[in-house]
Amino acid sequence: PATILALGDSVTEGLRASTAANRWTNLLQDELRAAFPTSATGTAGGVGYLASYHAHGAFTGPSTTGTVRNSLRGLGYRALTLHDGSTVTYSNVTGTTVRVWFASVAFSGPLQVSIDGGPSIAVPTFSSGSSYHDEWVDLDLGGPGRHQVVISRGEGGFDPDFGGIQ
């Protein structure tokens, strides 16, 4: 396995691409997977990083319910602050694990993650410092294939910032 990080601006995010699948980062991912197949491992590889929202309005991102607001935190400043009762749902996550990105800070409430409608897994976002830190937790998807991942706000603390999944 390999991890490739693309740093950039609106072009890296996919400005002027007709769909998210036509972003140069997605095309590069497709070319690398074609040249170096992972079928022997039982999975076609993960989805890459999917932010909680896109600045490019033509891309369909995850669906949200409840009250969420854009936050200037997270990778690419694309985090969402989740308020009581709000959720972010990714419907077609492929792979065997998912990395959930979030901002941790003092007094922040937890996130809840549900995979394929299963029981919620608490992800603590509380840290002892007063400044925000981008962190992640890796969760098992229960095997290869397509999965639904739902992130929601847990009980207590300040509204947490959810960055995206990988």
D84 side, atom CG; D159 side, atom CG - distance, nearest 0.5 Å
6.5 Å
Geometric class of the W136/W101 ring pair [parallel <30°, tilted 30-60°, perpendicular >60°]:
tilted
Heavy-atom distance under 4.5 Å between the side chains of I151 and I165, does that happen here?
yes
Are Y132 and V68 linked, directly or through intermediate hydrophobic residues, by side-chain heavy-atom contacts shorter than 4.5 Å (ILVMFWY only)?
no
Taking C-beta and beyond as the side chain, do P144 and T96 meet within less than 4.5 Å on heavy atoms?
yes
Is there a path of hydrophobic side-chain contacts, each under 4.5 Å between heavy atoms of I, L, V, M, F, W or Y residues, that connects V113 with F126?
no
CZ (F158) and OG1 (T81) are apart, to the nearest 0.5 Å, by 12.5 Å
For the student: nearest non-hydrogen atoms of H133 and S127, plus distance
CD2-OG, 4.3 Å
Which heavy-atom pair separates E135 from S104 by the least distance, and what is that distance?
OE2-OG, 2.6 Å
What distance do D138 atom CG and Q166 atom CD have between them, rounded to the nearest 0.5 Å?
8.5 Å
If I take atom CD1 from residue I115 and atom CG from residue D140, how far apart are they, to the nearest 0.5 angstrom?
7.0 Å
Give me the atom names and distance for the closest heavy-atom approach of G118 to S114.
O-OG, 2.7 Å
Minimum-distance pair of heavy atoms, taken over all atoms of S152 and T87:
CB-CG2, 3.7 Å
Taking D116 for the side chain and Q148 for the main chain, is one N or O donor matched with an acceptor at less than 3.5 Å?
yes
Can you measure from OG1 (T25) to CG (D30) and round to the nearest 0.5 angstrom?
9.5 Å
What are the two closest non-hydrogen atoms of P160 and G109, and how far apart are they?
CB-O, 3.3 Å
Verify same cluster id: V123, V105 (apolar side-chain graph, 4.5 Å)
no
In terms of hydrophobic clusters joined by side-chain contacts under 4.5 Å, are L80 and V150 together?
no
Quick check against the 3.5 Å criterion: does S86 have a side-chain atom that pairs as donor or acceptor with the backbone of H83?
yes
Quick check for you: to the nearest 0.5 Å, what is the distance between R153 atom CZ and S108 atom OG?
7.5 Å
Identify which one of L111, L82, V137, D161 satisfies the side chain to side chain contact (heavy atoms under 4.5 Å, CB included) criterion when paired with T125.
L111
Within-4.5 Å side-chain heavy-atom neighbours: L141 and V149:
yes
